[in-house]
There are 2 protein chains.
Amino acid sequence: MIRLRQSVSQPENVQPFDLTDRGLLLADGAFDTSRVVSGRIILKRAHMARLVRDAAALGISITSPELATLAAEAIPAGGSGALRLTVTRGPGARGLAGETSGAPTLMARFSSIESTYPMAPVSLGISSIRRNPTSPTARHKTLSYTDNIVALREAIVAGHNEALLLSPEGQVACASSANVFARFGDRLVTPPVSDGAMPGIIRNWLLEVAAGAGFQVAEESLSLERFAQADGIFLTNSLRIFQSVSSFSGREFETELPPALIQLGQALLEGSFDD
Amino acid sequence: MIRLRQSVSQPENVQPFDLTDRGLLLADGAFDTSRVVSGRIILKRAHMARLVRDAAALGISITSPELATLAAEAIPAGGSGALRLTVTRGPGARGLAGETSGAPTLMARFSSIESTYPMAPVSLGISSIRRNPTSPTARHKTLSYTDNIVALREAIVAGHNEALLLSPEGQVACASSANVFARFGDRLVTPPVSDGAMPGIIRNWLLEVAAGAGFQVAEESLSLERFAQADGIFLTNSLRIFQSVSSFSGREFETELPPALIQLGQALLEGSFDD
């Protein structure tokens with residue numbers, strides 16, 4: 001017997017739903033957010049492949065074509081915005097081990113978003129919540145996002161726009177919903193996954209293509225001291241692509257992104273890196 | 001635009017649901033599981049109060065009477081089983097900070113369960129996933145349960161029934177869905193919350209009442225070495241109450257619980273500690 005009390009955001013968001021879904025009850029699933037430009041998912045193959053891998057890490061079996069089909073149904077013709085794909089283990093019996101009898105649940109949500117690029121710079125505050133590199137939630141984009149939400153909410157209360165999360169040892173890891181890069185001249189440095197950085201799609205793509213645009217890139221542990229001495233800091237994620245950090249740790253930073261980097265992001269949005 | 005593909009467990013579990021609920025998308029909420037005996041929620045006041053506190057820690061405002069009303073609607077007259085109460089921030093806009101316009105979502109699910117007490121002993125395996133005491137998910141029962149699920153699934157694959165999670169420093173913390181106690185003669189020792197132990201309702205209750213039953217109780221850090229040298233190990237949670245560990249770390253343990261402890265649990269199930 002299940003009783004539900006829920007407000008409704010928009011009537012069109014309400015659909016029949018099995019309330020025993022383990023995604024709702026236990027964050028037993030994974031998700032992916034991608035940017036859609038004129039009906040085209042940027043880095044579609046990488047996004048689908050990662051979600052398939054992240055679900056597999058939880059023992060949930062789905063395929064890229066299944067995801068692509070549902071995504072295509074959710075994206076309006078020629079639409080631009082954000083696509084959120086969610087995969088859960090599906091409805092299940094009570095308890096952590098509760099096995100499911102049916103297929104995994106898939107959900108595709110399309111939202112129109114502001115299409116500014118690059119987005120306005122942000123102020124970054126340090127969170128007291130550390131990343132946990134021993135947790136599957138650090139290297140897979142699972143539904144367990146409480147840490148990220150609380151870190152961001154606390155950063156906003158403290159007057160910032162984003163939260164910086166550190167490794168257990170106090171090294172820089174990543175932001176609440178973005179990776180971080182420190183720029184030293186033409187050298188771009190981002191923390192390794194072993195420090196608790198989420199292996200983001202834009203982060204990984206930039207590590208691959210930046211050399212072609214005249215940058216040196218490296219995955220290296222970043223102490224807070226070294227991070228604060230960078231010539232510039234920027235965030236990467238699939239919606240913002242690149243976003244400068246204007247202030248961090250009491251220091252103001254140069255917010256102008258290198259022209260070659262802006263061009264790289266522009267080419268990405270124009271589909272030059274899609275396959 | 002949202003597209004959903006979901007299997008159905010039982011038709012009665014399907015209800016109209018706003019799919020933008022942040023509990024489903026981002027584990028943005030908290031929950032509580034309690035045991036119901038003949039229609040009565042064991043330690044009802046403590047369960048409701050903790051869920052109100054855990055939700056408040058996430059900035060979600062609910063009250064005990066709201067929870068109690070929904071719970072009463074979900075529990076069949078005179079029913080015995082498990083009650084799961086879930087609270088989420090409610091449907092919201094896209095993004096981590098996405099604010100909600102309506103009330104939090106409340107859900108009450110009642111399931112019949114086996115009423116054996118004490119339950120059969122379990123074998124405990126050590127998880128490679130460490131608890132994260134800096135995370136709100138360590139001290140609040142949030143919906144972010146991926147770590148617990150993965151730890152349990154891996155323990156089962158390795159031939160165990162439960163997973164033991166350690167603190168970052170390698171001290172004993174708790175099991176995937178239970179607290180742990182080591183017994184040395186009449187002395188019961190459980191790890192402190194600062195080592196990443198979830199402050200469970202039965203754990204906290206036992207810390208309060210055990211002295212009255214002739215035990216000494218203490219919250220103390222437990223190294224794996226000391227833990228493995230206990231006269232007995234048992235788990236506590238709201239459904240199992242007390243459950244012996246039969247084997248851990250290659251050692252077999254005495255699975256007979258002290259009679260005074262069994263009586264304490266029996267009195268709990270009979271309602272002697274309810275208010």
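These numbers were taken from a predicted model, which means no experiment stands behind them. Note on naming: letters A, B, ... go to the chains in the order of the sequence lines (proteins, then strands), and numbering restarts at 1 for each one.
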Taking side chain as C-beta onward, heavy atoms only, is [X] less than 4.5 Å from [Y]?
X      : Y      : value
A:V245 : A:H160 : no
B:V157 : B:R153 : no
A:P191 : A:V180 : yes
A:T33  : A:S238 : no
B:L67  : B:V52  : yes
B:L85  : B:M48  : yes
A:F31  : A:L143 : yes
A:L224 : A:L166 : yes

Is [X] in contact with chain B via its backbone, its side chain, both, or neither, using a 4.5 Å heavy-atom distance?
X      : answer
A:R84  : side chain
A:E66  : side chain
A:T86  : side chain
A:Q15  : both
A:P136 : both
A:E154 : neither
A:L25  : both
A:V150 : side chain

So which atom in [X] and which in [Y] form the shortest heavy-atom distance, rounded to 0.1 Å?
X      : Y      : result
A:G200 : A:R50  : CA-NH1, 3.8 Å
B:R139 : B:P133 : NH1-O, 3.3 Å
B:R203 : B:P199 : NH1-CA, 4.2 Å

Please flag which part of [X] lies under 4.5 Å from any non-hydrogen atom of chain A: side chain, backbone, both or neither.
X      : result
B:T142 : side chain
B:A151 : neither
B:L152 : side chain

Under 3.5 Å donor-acceptor, [X] side chain and [Y] backbone:
X      : Y      : value
A:D195 : A:A197 : no
B:R22  : B:L96  : yes
B:R240 : B:T236 : no
A:S167 : A:A173 : no
B:N179 : B:C174 : no

Heavy-atom pairs under 4.5 Å with chain A, option from [options] with the top count:
options                      : value
B:P104, B:S101, B:G29, B:P11 : B:P104
B:M1, B:Q10, B:R131          : B:M1
B:Y145, B:F110, B:F17        : B:F17

### Test log, rule side chain to side chain contact (heavy atoms under 4.5 Å, CB included), inputs B:L4 and B:L19
CA-CA 9 Å; B:L4 171 71; B:L19 296 173; 4.1 Å; yes
#### Entry: Side-chain donor-acceptor pair present, B:S80, B:R35, cut-off under 3.5 Å
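Absent: no donor and acceptor within the cut-off.
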Using a cut-off of under 4.5 Å for heavy-atom pairs, which of [options] has the most such pairs with chain B?
options                       : result
A:G23, A:S144, A:A30, A:P168  : A:S144
A:G102, A:P91, A:A82, A:G92   : A:P91
A:T105, A:L24, A:N13, A:V14   : A:N13
A:R3, A:H140, A:E12           : A:R3
A:A108, A:A27, A:S176, A:S177 : A:A108
A:V8, A:T137, A:T100, A:N132  : A:N132

### Query
Would you say B:K141 has more than 12 foreign heavy atoms packed within less than 6.0 Å of its NZ?
yes
### Message
Can you list the residues of residues 69-77 of chain A that sit under 4.5 Å from chain B, counting heavy atoms only?
### Response
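Result: A:L70, A:E73, A:A74.
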### Task
Run the salt-bridge test on B:R89 and B:D28 with the 4.0 Å N-O cut-off and return the result as yes or no.
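B:D28 and B:R89: salt-bridged.
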### Message
Would you compute the distance between atom OG1 of B:T88 and atom CG of B:L106 and round it to the nearest 0.5 angstrom?
### Response
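Between atom OG1 of B:T88 and atom CG of B:L106 there are 8.0 Å.
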### Query
When rounded to the nearest 0.5 angstrom, what is the spacing between CG in A:L26 and CG in A:D21?
10.0 Å
### Query
Do any of residues 57-65 of chain B have a heavy atom less than 4.5 Å from a heavy atom of chain A, and if so, which, in residue order?
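Within residues 57-65 of chain B, the residues under 4.5 Å from chain A are B:L58, B:G59.
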### Task
Output the residues of residues 116-130 of chain B for which the shortest heavy-atom distance to chain A is under 4.5 Å, in residue-number order; output 'none' if no such residue exists.
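Residues B:S128, B:I129, B:R130 are the ones that qualify, each having a heavy atom under 4.5 Å from chain A.
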### Task
Report the residues that fulfil side chain to side chain contact (heavy atoms under 4.5 Å, CB included) with A:S34, sequence neighbours left out, ordered by chain and then residue number.
A:D32, A:I41, A:H47, A:L83
